[in-house]
Amino acid sequence: MRMSRLYVPTLKEIPVEAEVVSHQLMLRAGLIRPLTAGVYTYLPLGYRVIRKIEEIVRQAMNEAGAQEVLMPVIHTADLWKQTGRWETFGPLMIKFEDRKGREYCMGPTHEEVIADLIKDEIRSYKDLPLNLYQIQTKVRDEIRPRFGVMRGREFIMKDNYSLDRDFNGLDCSYQAMYDAYVTAFANCGLEVRVVEADSGAMGGKDSHEFMVLAEIGEDAIAFCDQCDYAANLERASASADQAIRTEEQEMEALQKVATPAQKTIVDVSNFLGIKAEQTIKSLALLADQEPILVLLCGNDELNQIKLLNYLGVLELQAVSEQDFGELYHSVAGFIGPVGLKDIRIIADSKVEKMVNAVSGANQKDQHFINVNPGRDFKVEQYLDLRNVQAGDRCPKCDGHLEIKQGIEVGHIFKLGTKYSESIGATYLDQSGREKPVVMGSYGIGISRLVAAAIEQHHDQNGIIWPLPIAPYTVIILPLGKDEEVIKTGELIYQSLQEAGIEVLLDDRTERPGVKFNEADLLGIPIRITIGSRSLKQGVIEAKIRRTGEELALKAEQAVGQIIELLNGWNYEG
Ligand code: ATP
Ligand code: MG
């Protein structure tokens, strides 16, 4: 492709609306343009990257035995009502009516549609296992579309669904997909970490996420510094014996003390001259409207997902000042478990081990000291409810946990029979008994992957595409107007194309500085520079975008040398 013809509207300035590097570079390098919040057009270079990623993912899916289909973007409401997700997916779905008043949504994911598809098609155990995938635009009305295509309201996803006779079959399909994902991301030239994940609203049990580590990532991940334990913070747990008590301590008598206007953990611990971890944090919450009290060690944070999973509810709400009085007979800032009547109390396991702690006394300006769980109050259940913190002990070994940010680029779930049962996707087993199909669901954010790749691979001058997903492999920069230079450029351009290499020729009459800067911004892996002075010596220069390494090539052998360079390319980057 000739740069003079390529539609690549690069920008010199950093667009003010773009907060993160990948979004800035995608706009500056002319890969995308916005239509409205979270909705983008892919321009030629951007779309080439998308297609490269799609092809790599496609190959990994095909090799793992999945077959490609294309399902509808428009879904009927009744399907989503059958699984209950018309409500639970809620405002994330764009819903609409047709001219006859029938309800629909734009597909945010396809578990319902796939279950409906196979409902009438799969009759016998002989039809299973089956694995179907598609690469398609998904629509989700995200609350906060941001970071460009990282969190769009319209985005490209590869999703697939494994259909098995039983849970053993699902385990095999799941493992095959896990392996295919590892291969696909590596083949894109990306470094991706697999972490244990919460299966959340999807239902089901095992789940893993594939994360590109990056500071701007929206997910926090806990890693062990010694073993391979890695989990999304939503689900990460620390070793159960995070004892805060090192030696046996005598329980002292419960005592009420005045704590005027000391409402927060920090206030109270400063006022009483104790550490935050000696206080009990009491959180008054409405769980689907029911008032509950959740207890944590003062320096811990509540992990909402763990609490939601335990309670089996969808929503937690904070309690208003007025509700503290009416529902809890307590006072905001001074609530605590001692003496609280008719309220479910649920506590983090660490609280059980606290001795002589401090908590609110359910009266204005009063706290209790020497509070001892078990003796002074009872709880419904102790369980892991906290977010792990850096430095916590690993649940699997003697190591310690570190916390890093990651971008979720893929997610796999063992769904089980939740969707097949509610939609009635059953088959007849060998003995003629009707059984629900056992499902797995697997997604890769193709468009998010472009942004994640840039977060992982860039420098101050621009993008540094990993070779397998680069929009073009080589860019040729003939400098100046010298006829020999231009002729050589054309010749190398032709020969590389004939050799099947994707190449850009910067045939514009721009100054060398402009050409160099744009080549760096676009991030093409190999840059060939042809200048009149070195050409007189029979030399042209190649520069590797990633390493900055410069190679002097003999003009006549340049094409062969570039092909050699590519054959020996280190695909790690
Ligand atoms: P997230 O937690 O980031 O909202 P999710 O868990 O809702 O994602 P899945 O339903 O698991 O996402 O979708 C599969 C993949 O699709 C994700 O791993 C992610 O890479 C991608 N994806 C999800 N939502 C978006 C979005 N709004 N924009 C771009 N890609 C997305
Ligand atoms: Mg997910």
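Ligands are counted one by one from 1 in listed order, and the atoms in each one are counted from 1 as well.
Note on ligand 1: V409 sits in its first shell, one or more heavy atoms being nearer than 4.0 Å.
Closest heavy-atom approach to atom 2 (O) of ligand 1 among the candidates E408, K138, M150: E408. Comparing heavy-atom distances from atom 25 (C) of ligand 1 across F210, F413, F147, F155 singles out F155 as nearest.
Below 4.0 Å from some heavy atom of R140 lie the following atoms of ligand 1, by number and element: 5 (P), 7 (O), 9 (P), 10 (O), 12 (O), 13 (O), 23 (C), 24 (N). Atoms of ligand 1 lying under 4.0 Å from any heavy atom of V149, numbered from 1 in the order shown and given with element: 29 (C). Atoms of ligand 1 found under 4.0 Å from any heavy atom of M157, numbered from 1 in the order shown, are 13 (O), 14 (C), 16 (O). Close contacts between ligand 1 and E142 involve ligand atoms 24 (N), 26 (C), 27 (N) [criterion: under 4.0 Å to a heavy atom].
Cation-pi check for K95 over W80 is not met; the charged atom does not lie both under 6.0 angstrom from the ring centroid and within 45 degrees of its normal. In this structure, K404 forms a cation-pi arrangement with F223, its terminal cationic atom sitting closer than 6.0 Å to the ring centre and no more than 45° off the ring axis. Both the sub-6.0 Å distance and the 45° axial angle are not jointly satisfied by R193 relative to the ring of F210. The side-chain tip of K414 points at the ring of Y174 from less than 6.0 angstrom away and within 45° of straight on.
Judged as a salt bridge (Lys or Arg N to Asp or Glu O under 4.0 Å), and not counting sequence neighbours, R28 has no contacts. By the side-chain hydrogen bond (donor to acceptor under 3.5 Å, both in side chains) test, S207 pairs with H411, sequence neighbours left out.
Inclusion of D219 in the set of residues having an N or O under 3.5 Å from an N or O of ligand 1 is not warranted. The shortest N/O to N/O separation between G152 and ligand 1 falls below 3.5 Å.
With a heavy-atom cut-off of 4.0 Å, R151 touches ligand 1 through backbone and side chain alike.
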Checklist entry - For E408 and N232, what are the C-alpha separation, side-chain angles and deciding distance, and is it a side-chain hydrogen bond (donor to acceptor under 3.5 Å, both in side chains)? => result CA-CA 10 Å; E408 179 195 320; N232 193 312; 5.5 Å; no
